[in-house]
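First up is the structure itself, then whatever we jot down about it.
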Amino acid sequence: MNSYQVQESEVINSPPAQVYAIISDYHEGHPAILPSRYFTEMAVTAGGRGEGPVTTVAMNVFSAKILYELNVTEPEPGRVLVE
């Protein structure tokens, strides 16, 4: 199995709780901020917010369509998500 580590950083002029609420909402918020050029599909198969969501994601990467499953953990509730 291939493993990828991706990290992104950006200063956002909004309250941290509001930003985290969007990122941790895998039904509406999170899919809304993903770049559609790369993320072509996202379906939640379990859970949906914070710790516990399981999602299936389709991506276009270097002209190849990749389908993978994400299991989301929240090692620091309200602060850190790991997919």
Side-chain angles (χ1 to χ4, degrees):
M1 172 182 6
N2 293 331
S3 178
Y4 302 95
Q5 182 172 340
V6 178
Q7 186 172 340
E8 180 64 33
S9 177
E10 182 73 31
V11 175
I12 299 172
N13 190 17
S14 293
Q18 182 180 13
V19 173
Y20 197 83
I22 293 168
I23 294 170
S24 66
D25 175 6
Y26 282 81
H27 284 287
E28 294 183 24
H30 198 103
I33 64 172
L34 295 176
S36 60
R37 176 179 176 190
Y38 304 108
F39 293 86
T40 59
E41 300 172 43
M42 183 173 182
V44 177
T45 56
R49 182 178 296 275
E51 174 90 22
V54 177
T55 65
T56 301
V57 178
M59 287 185 69
N60 288 324
V61 179
F62 301 115
S63 301
K65 185 172 183 176
I66 299 172
L67 184 65
Y68 62 96
E69 183 177 83
L70 295 174
N71 295 293
V72 181
T73 62
E74 194 174 20
E76 294 180 44
R79 295 187 46 86
V80 176
L81 290 173
V82 177
E83 299 177 336

What residues, two or more places apart in sequence or in another chain, satisfy side-chain contact (heavy atoms from CB on, under 4.5 Å) together with [X]?
X: Pro35; value: Tyr38, Phe39
X: Ser24; value: Tyr20, Arg49, Leu81
X: Val54; value: Thr45, Ala46, Glu69, Asn71
X: Gln18; value: Ser14, Pro15

- Query: Does Phe62 belong to the same Ile/Leu/Val/Met/Phe/Trp/Tyr cluster as Leu34, with side-chain heavy atoms less than 4.5 Å apart forming each link?
  - Reply: yes
- Is there any side-chain hydrogen bond (donor to acceptor under 3.5 Å, both in side chains) pair reaching into residues 51-67, and which pairs are they, with sequence neighbours excluded?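 For residues 51-67, and leaving out neighbouring residues, the side-chain hydrogen bond (donor to acceptor under 3.5 Å, both in side chains) pairs sorted by first residue read Glu41-Lys65.
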- Could you note down all residue pairs passing salt bridge (charged side-chain N to carboxylate O under 4.0 Å, His left out) where residues 70-83 supplies at least one of them, sequence neighbours left out?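 Counting only pairs at least two positions apart or across chains, the salt bridge (charged side-chain N to carboxylate O under 4.0 Å, His left out) contacts touching residues 70-83 are Glu76-Arg79.
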- Looking at side-chain heavy atoms only, is the closest gap between Ile23 and His30 below 4.5 Å? yes
- Item | salt bridge (charged side-chain N to carboxylate O under 4.0 Å, His left out) against Glu28, all qualifying residues, sequence neighbours excluded | none
- Note on the structure: Members sharing Leu67's hydrophobic cluster, built from side-chain contacts under 4.5 Å between Ile, Leu, Val, Met, Phe, Trp and Tyr, are none
- Query: Going by side-chain heavy atoms closer than 4.5 Å, which hydrophobic residues are tied to Val80, directly or by a chain of links?
  - Reply: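 Members alongside Val80: Val82.
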- Item | Atom of Gly48, atom of Val44 and distance for their closest heavy-atom approach | CA-CG1, 4.2 Å
- Which pair of heavy atoms, one from Pro31 and one from Met42, lies closest together, and at what distance?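 Looks like CG-SD, 3.9 Å.
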